[in-house]
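Take a look at the structure set out below.
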There are 2 protein chains.
Amino acid sequence: MKYIEKLRNSGLRPTKQRLQICEVLFNTEKTFHFTINELEKKIKDRANNKISLATIYNTVHAFEKKGYLKQIPINSNQTYFDTNITDHHHFYDLKEEKLIDLENSDVGPINIKRKINGKKIKSVEVLVKLED
Amino acid sequence: MKYIEKLRNSGLRPTKQRLQICEVLFNTEKTFHFTINELEKKIKDRANNKISLATIYNTVHAFEKKGYLKQIPINSNQTYFDTNITDHHHFYDLKEEKLIDLENSDVGPINIKRKINGKKIKSVEVLVKLED
DNA sequence: TAGTAGTTTATAATGATTCTAAATAAGTGT
DNA sequence: ACACTTATTTAGAATCATTATAAACTACTA
Ligand SMILES: [Mn+2]
Ligand SMILES: [Mn+2]
Ligand SMILES: [Zn+2]
Ligand SMILES: [Zn+2]
C-alpha cells in the first residue's frame, strides 16, 4: 500500500480505515472538494464495509492538521474540504452550490500592502462568487 | 427616527425591534463585524428590553437580503456578518479569531482571467489568514 | 375601526459537529 | 509469539448554531 509510509511518517498509524480514506481522497486523477457527508457516501460506495462517521471526522481533521487537506472558507452549513493543497483560489457557484478551482495563474498576483503588527501572512485566498 | 424611511423603502415594516437593531448596527462611527450571539449581547446592553433570538436571526437575514449587511465567508462554527457593505477584504487573525478590514486599496486590483460559461461574477473576496 | 398581511415570540426541531468511554488494533520490547 | 502500552475506532449521547412552527401581536390600509 502506497499510503502506509505517508501515514507512518506523519505519526499516524496506518489503520485500515485511514488507508481506505486515503484511497478515496488521494488515489484519484484530479483533486476535488467535499463535505464530510459527501465523503461518507463515497466511502460507502467504494468499499462495502462502513467506517463510522466519528472516524471520518477524526481522520479528516487529522489529515487537515498534517496538511494533506485544506478547509475552504465558505458560507455553508457544512464544512468544505479540498484535496488540492496547493495555493489556489475558488469560484463558488451560488446556484449550484459548487466550488470550482481557480489556479493562481487565473488570478493576477495579489499584493497585500497593509501589515499587521506582529503577525505574518499564512495564506491569501480569493473567493469569487458566481451568479447567473 | 432616521431608520423608519430606510425600512419602509425596503418593504420592511419599521417595528420597534427592527429600529433598535438598526441603532445597534448602523448608528455607529465605524462599521464592525459580528456574530448573532455578539449582536444579541450588544442589544441587551443597549436597551433593557430583550428582543427574542428568533427575531434577531430574522432581522439579520432580512437586512442581509436587502443588502444592508454582508456575510463573511470564514471557517467558524458561527456565521460572521459585516456592517461594512462596500467591496472590501479581510484579514483573519487565527489566534484571536478576529476579523480586520482590508480596504480595496490595500490589495492590488484583482483580475480574474478565467470565465465560467453563463455565469457572472457577483463578488471577489480576499481572505488573508494571519498567524504569529 | 375592521380587516389583512407582516412580525414577533417561545419553543421545538434540525442537523452538523464534537464528546465519551468502552472495545479494538497497532506498535514495541522481550 | 506474548505481554504491555498507546492510539484508534465506534456507537451513541451531547452540544450548539440555526431554522421551523404556530399562536399572539402589530403595522398598514381602507
Ligand atoms: Mn471541522
Ligand atoms: Mn445564516
Ligand atoms: Zn480547490
Ligand atoms: Zn469587513
Side-chain angles (χ1 to χ4, degrees), chain A residues 1 3-25 33-44 47-66 68-69 71-81 97, chain B residues 1 3-25 33-44 47-66 68-69 71-81 97:
Chain A
M1 288 296 214
Y3 298 111
I4 291 179
E5 273 314 294
K6 178 176 177 176
L7 289 170
R8 280 228 184 78
N9 293 339
S10 311
L12 298 172
R13 291 184 180 176
T15 63
K16 92 172 152 9
Q17 291 86 346
R18 283 177 178 158
L19 290 169
Q20 267 184 234
I21 294 173
C22 279
E23 290 290 331
V24 173
L25 291 179
H33 307 116
F34 66 92
T35 63
I36 295 285
N37 278 281
E38 291 166 353
L39 177 58
E40 190 190 20
K41 204 170 298 175
K42 275 201 179 187
I43 292 167
K44 267 199 204 116
N48 266 16
N49 68 30
K50 61 170 162 298
I51 298 177
S52 95
L53 188 56
T55 297
I56 297 176
Y57 271 98
N58 289 343
T59 302
V60 165
H61 286 134
F63 287 2
E64 186 200 5
K65 186 168 285 179
K66 295 299 178 183
Y68 302 141
L69 291 172
Q71 258 191 254
I72 303 173
I74 202 170
N75 288 129
S76 166
N77 54 329
Q78 286 169 260
T79 303
Y80 274 82
F81 294 90
E97 297 190 334
Chain B
M1 289 296 213
Y3 299 110
I4 290 179
E5 274 313 295
K6 178 177 175 174
L7 290 170
R8 279 229 186 78
N9 293 339
S10 312
L12 298 173
R13 291 184 179 175
T15 64
K16 91 172 150 11
Q17 291 86 347
R18 283 176 178 160
L19 289 169
Q20 267 184 231
I21 293 173
C22 279
E23 289 291 331
V24 173
L25 291 178
H33 307 117
F34 65 93
T35 63
I36 295 286
N37 277 279
E38 291 165 354
L39 177 58
E40 191 189 20
K41 204 171 298 176
K42 277 200 178 186
I43 291 167
K44 268 198 203 121
N48 268 17
N49 69 30
K50 62 171 161 298
I51 298 177
S52 94
L53 187 57
T55 298
I56 298 176
Y57 271 99
N58 288 343
T59 302
V60 165
H61 286 135
F63 287 2
E64 186 200 4
K65 186 168 285 179
K66 295 300 179 184
Y68 301 141
L69 290 173
Q71 260 191 252
I72 304 173
I74 202 171
N75 286 130
S76 166
N77 53 329
Q78 286 168 261
T79 304
Y80 274 82
F81 294 90
E97 297 190 334

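In this structure a side-chain-to-backbone donor-acceptor pair under 3.5 Å is present from A:S76 to A:Q78. In terms of modelled atom types and a separation under 3.5 Å, the side chain of B:R18 and the main chain of B:R13 share a donor-acceptor contact.
Relative to the ring axis of B:F34, B:K41 does not place its NZ or CZ within 45° and under 6.0 Å from the centre.
One can place NZ of B:K41 at 11 Å from P of D:dA17, the figure rounded to the nearest angstrom. At whole-Å resolution of the value, CD1 in A:I56 and C1' in C:dA16 are 14 Å apart. Across the protein-nucleic acid pair, B:Q78 atom CD and D:dT19 atom C1' stand 16 Å apart, rounded to whole Å. Distance CD1 (A:I4) to P (C:dG27): 9 Å, rounded to an integer number of Å. The nearest whole Å value for the distance from the OH atom in A:Y80 to the C1' atom in C:dA16 is 13 Å. Across the protein-nucleic acid pair, A:N77 atom CG and C:dT18 atom P stand 14 Å apart, rounded to whole Å. Whole-Å rounding puts the A:E5 CD to C:dA26 C1' distance at 15 Å. Taking atom CD of residue B:Q71 and atom P of nucleotide D:dA17, one finds them 16 Å apart after rounding to whole Å.
The two residues A:P14 and A:L19 come nearest to each other via the heavy atoms O-CD1, 3.9 Å. When all heavy atoms of B:F63 and B:L7 are compared, the pair lying nearest together is CE1-CD2, 3.6 Å.
Here B:H61 does not reach the OP1 or OP2 of D:dT18: none of its side-chain N or O atoms lies under 4.0 Å away. Taking 4.0 angstrom as the limit, A:T79 places none of its side-chain polar atoms (N or O) nearer than this to OP1 or OP2 of C:dA16. Listed pair B:Y57 / D:dT18 meets the phosphate criterion, a side-chain N or O lying under 4.0 Å from OP1 or OP2.
The local environment of CD in A:E38 is crowded, with over 12 non-hydrogen atoms from other residues, nucleotides or ligands closer than 6.0 Å.
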Could you write out each protein N or O paired with an N or O of nucleotides 22-24 of chain C at a distance under 3.5 Å?
none

Considering only nitrogen or oxygen atoms on both sides, find all protein atoms under 3.5 Å from nucleotides 8-12 of chain C and state each distance.
| residue | atom | partner | partner atom | Å |
| --- | --- | --- | --- | --- |
| C:dT8 | OP1 | B:T15 | OG1 | 2.3 |
| C:dT8 | O3' | B:Q17 | NE2 | 2.8 |
| C:dT9 | OP1 | B:Q17 | NE2 | 3.1 |
| C:dT9 | OP2 | B:S52 | N | 3.2 |
| C:dT9 | OP2 | B:T55 | OG1 | 3.0 |

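Note: B:L39 CG to B:I56 CD1 = 5.5 Å, rounded to the nearest 0.5 Å. In this structure, CD in A:E23 is found 11.5 Å from CD1 in A:I43, a value given to the nearest 0.5 Å. The structure places OG of B:S10 at 10.0 Å from CD of B:E5, a figure rounded to the nearest 0.5 Å.
Of the candidate nucleotides D:dT18, C:dT17, D:dT8, D:dT8 has the atom lying nearest to any side-chain atom of A:L12.
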